[in-house]
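We use all heavy atoms of the structure for the numbers below, so side chains are in, but hydrogens, waters and symmetry mates are not. The sequence lines fix the lettering, A, B, ..., with proteins before strands; numbering per chain opens at 1.
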Number of protein chains: 2
Amino acid sequence: MISKKCTYALRAVLALARNHGGSPLTIHQIAKAEEIPPRFLEAILRDLKQSGLTDSIRGKDGGYRLCVPPSELSIGEVVRVVEGPWFPSEEENKQDVFLKVWQEADSTLKAVLDQKDFQTLVSEQDALRTDNIINYSI
Amino acid sequence: MISKKCTYALRAVLALARNHGGSPLTIHQIAKAEEIPPRFLEAILRDLKQSGLTDSIRGKDGGYRLCVPPSELSIGEVVRVVEGPWFPSEEENKQDVFLKVWQEADSTLKAVLDQKDFQTLVSEQDALRTDNIINYSI
DNA sequence: TACTATCTCTATTGATTTAGTAGGGTTTGT
DNA sequence: ACAAACCCTACTAAATCAATAGAGATAGTA
């Protein structure tokens, strides 16, 4: 199963995407908004930074920002930073009949996860939220 | 990453598929042929039996057999017995923007893994093996 | 019946990974 | 100087994974 760390990373990036263009978000802002343990989030954001997806500003008024516009960042790119590989690869398993299936599964999965970008996700989340308001108000 | 247990299960089922129609294979035969720790394989075969994919005969001349013809058994069916779910599902995560992506990833993955049956795998393994013999003999 | 080869069940162990915490640092704006 | 932020290394507790142990049940056969 996909790890909690991965779902935290995705939620954090979604928050950064929503904020894109504004002033940087601090670890504590994101942690509070997304209900992620702050010290854990700190480690996750460091990983994302090392991968080049985010950058950070230290000191007062610092925080994290996306390096890439949300429309050019996919779920797959975030997942691959946080989650290791899901299927055995050629190096480990030469001459394995299952290898081709693993490769196909891997590339199919990549295609699905690379398909949706964070700009779209922000819109979809907005739609979900207004749906909710409507439902409550009935 | 896909578990060792899962790769053991697949190799065991492949051995049973290759043997389909013959006399049952014992845990020790499969364990030796596929280099799987026998007591671990025992537990795996029990899971497969409880799921209805294999059945077993106790006592002398006993062992395990496939319940289904190899041509009607897919990799996906075996993987699903051994591996839990890979993505969060609706029950846990209502109102999550990522949910639809997880559902799509799940069904795409299912399609890939359900595509290849064990009869085909046995043939492909035979082909791999004869390729090897040719390569060595050059 | 006794024997042996087989599967069956529950429990336990050791290693690894996951999830999270602690305690220091360093940088920057005021 | 101070406070607000990020940065780094290490640690711990819980869960899961991989494997093992020991005792039992079943079935064929001499």
Side-chain angles (χ1 to χ4, degrees), chain A residues 1-12 15-16 19 22-67 79 81-86 88 92, chain B residues 1-12 15-16 19 22-67 79 81-86 88 92:
Chain A
M1 173 73 91
I2 198 175
S3 65
K4 268 194 163 186
K5 181 176 179 182
C6 186
T7 68
Y8 289 158
L10 288 167
R11 298 221 304 270
L16 292 172
N19 180 253
S23 50
L25 292 180
T26 69
I27 292 172
H28 282 272
Q29 287 175 314
I30 301 172
K32 193 170 182 193
E34 299 292 334
E35 294 176 291
I36 302 170
R39 300 303 299 268
F40 196 19
L41 177 60
E42 181 187 314
I44 292 166
L45 288 171
R46 191 161 11 104
D47 289 350
L48 291 171
K49 182 185 175 179
Q50 278 168 3
S51 78
L53 263 45
T54 64
D55 76 349
S56 63
I57 296 153
R58 283 158 82 129
K60 198 141 197 218
D61 303 326
Y64 279 87
R65 284 185 307 205
L66 285 189
C67 286
V79 171
V81 169
V82 171
E83 214 80 29
W86 289 2
E92 327 163 30
Chain B
M1 172 73 91
I2 198 174
S3 66
K4 268 193 165 187
K5 182 176 178 182
C6 186
T7 68
Y8 290 158
L10 289 167
R11 297 219 307 268
L16 291 172
N19 181 253
S23 49
L25 292 180
T26 69
I27 292 172
H28 282 272
Q29 287 175 314
I30 301 172
K32 192 170 182 193
E34 300 292 336
E35 294 176 290
I36 302 170
R39 300 304 299 267
F40 196 20
L41 177 59
E42 181 188 313
I44 292 166
L45 288 171
R46 190 162 12 103
D47 289 349
L48 290 171
K49 182 186 175 179
Q50 279 167 1
S51 78
L53 264 43
T54 63
D55 75 349
S56 63
I57 296 154
R58 282 155 82 130
K60 198 141 198 220
D61 302 326
Y64 280 87
R65 283 185 308 205
L66 285 188
C67 287
V79 171
V81 169
V82 171
E83 214 82 28
W86 289 0
E92 326 163 32

Specify the separation, in whole Å, of atom [atom1] of [X] and atom [atom2] of [N].
X	N	atom1	atom2	value
A:Phe40	D:dC11	CZ	P	19 Å
B:Ile2	D:dT16	CD1	C1'	16 Å
A:Gln50	D:dC6	CD	P	15 Å
B:Lys5	D:dA19	NZ	C1'	12 Å
B:Arg46	D:dG24	CZ	C1'	13 Å
B:Lys60	D:dA25	NZ	C1'	18 Å
B:Asp61	D:dA27	CG	C1'	9 Å

Please determine, for the side chain of A:Glu42, which listed nucleotide (D:dA4, D:dC8, D:dC6) has the closest atom?
D:dC8
Over all atoms of both residues, closest heavy-atom pair of B:Trp86 and B:Val79:
CZ2-CG1, 4.0 Å
For D:dC7, take OP1 and OP2 only and decide whether either is under 4.0 Å from a side-chain N or O of A:Tyr64.
yes
Taking only side-chain nitrogens and oxygens of A:Ser56, does any of them come within less than 4.0 Å of OP1 or OP2 of D:dA5?
no
From the 5' end of DNA chain C to its 3' end, which nucleotides mark the outer limits of contact with chain A, defined by a 4.0 Å heavy-atom distance cut-off (strictly under)?
C:dA19 to C:dG29
Indicate every side-chain donor-acceptor pair of residues 41-55 of chain B with a distance under 3.5 Å to a residue at least two apart or in another chain.
unit_1  : atom_1 : unit_2  : atom_2 : d
B:Glu42 : OE1    : B:Arg39 : NE     : 3.1
B:Asp47 : OD2    : B:Lys5  : NZ     : 3.0
B:Lys49 : NZ     : B:Ser56 : OG     : 3.0
B:Ser51 : OG     : B:Leu48 : O      : 2.7
B:Thr54 : OG1    : B:Lys49 : N      : 3.3

Could you tabulate the donor-acceptor pairs under 3.5 Å formed by side-chain atoms of residues 25-34 of chain B, not counting sequence neighbours?
unit_1  : atom_1 : unit_2  : atom_2 : d
B:Thr26 : OG1    : B:His28 : N      : 3.4
B:Thr26 : OG1    : B:Gln29 : N      : 3.0
B:Gln29 : OE1    : B:Thr26 : N      : 2.8
B:Glu34 : OE1    : B:Arg11 : NE     : 3.3

Taking the side chain as everything from C-beta on, heavy atoms only, tell me whether B:Ser23 gets closer than 4.5 Å to B:Arg65.
no
Please enumerate all residues that pass side chain to side chain donor-acceptor pair (under 3.5 Å) together with A:Ser3, with sequence neighbours excluded.
A:Glu83
Between residues 25-39 of chain B and DNA chain D, which residues have a heavy-atom gap below 4.0 Å?
B:Pro37, B:Arg39
Is B:Ile57 touching bases, backbone alone, or none of the nucleic acid, heavy atoms closer than 4.0 Å?
sugar-phosphate
Taking the axis from the first five pairs and the axis from the last five, what angle separates them in the helix from C:dT1-D:dA30 to C:dT30-D:dA1, rounded to 10 degrees?
0°
